[in-house]
Amino acid sequence: MAGWEGFTYLPAFDSPAAERRHRKERLAASFRLFGRFGFDEGVAGHITMRDPEHLDHFWVNPFGMAFSHIRVSDLILVSSQGEVVEGDGLLNGAAFAIHSQVHAARPDVIAAAHSHSIHGKSWSALGRLLDPLTQDACAFYGDHALFDDYTGVVLDPEEGKRIAHALGDRKAVILRNHGLLTVGHSVDEAVWWFITMERTCQAQLLAEAAGPTVSIDPAHAELTATQVGSHVAGYFAFQPLYAKITREQPDLFG
Ligand SMILES: [Zn+2]
């Protein structure tokens, strides 16, 4: 028993408009959380969510707006050709180059998150996968990849395609010398994986700086991955953060 039986996972909606509004509220709240956690680095970073009706379109933050200020009405809708078709604001070329290819390659993915968070990018400089050093790290056991290349800011969709290829069917990819990218079957899940992966990088950096580490053995890492690394587990883990940020910053719904 994981304990969340009886919990409503991914509520049903009676119209695409209702589902769109629900996802956009999660997305705006996610930017507030990214701001709260200090995941912003100037204008870098983007979280995207697939539109529930126009499946090759995605919603994203306007380029150059502080994560901590983003409201539902600030989000922009982008077509598969990179045109802003709803909302006001600039489109980050890197957001389009990476996320358009990830969404195209992974029809199951509703949302994708990326930023230049400090521990994620520090870990990415090592060019290594994360080890199962903690229970939380097991969410990524056998379920993350390394994009072992760096050739400048990603502005070419062909580079985005290579990142999507490295990601494969996993939940996360470490972009070497750059940062983390996570995906999920909901905004909630993708954003939770980002938050906990950033902390997992921090934990491994701290542990390895302190001394030799002990990994969880493969059989138990695999078991733990099924317990903490499922789609529903990721979605569920996000709920207290959503409750907290929406109570503290209700202007995000504007
Ligand atoms: Zn980036």
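Hydrogens, waters and symmetry mates play no part in the numbers below; they use all other heavy atoms, side chains included. As the structure lists them, so they are numbered: ligands from 1, and atoms in each ligand from 1.
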- Message: Short of 2.8 Å from the Zn ion (ligand 1), name each protein N/O/S atom, waters not counted.
- Response: His114 NE2, His116 NE2, His178 NE2

- Item | Under 3.5 Å: donor-acceptor pair, side chain of Glu208, backbone of Thr213 | no

- Distance-minimising heavy-atom pair for Leu175 and Ser124: O-CB, 3.3 Å

- Query: So do the side chains of Arg106 and Leu167 get within less than 4.5 Å of each other, counting heavy atoms only?
  - Reply: yes

- Note on the structure: ring pair (Phe, Tyr, Trp, His ring centres under 6.0 Å) with Phe39: of Phe31, Phe194, Phe67, only one passes, and it is Phe194

- Task: Kindly state each residue pair satisfying salt bridge (Lys or Arg N to Asp or Glu O under 4.0 Å) with at least one member in residues 74-95, sequence neighbours excluded.
- Result: Arg71-Asp74

- Query: Aromatic rings Tyr150 and His178: how do their planes relate, parallel, tilted or perpendicular, breaks at 30° and 60°?
  - Reply: perpendicular

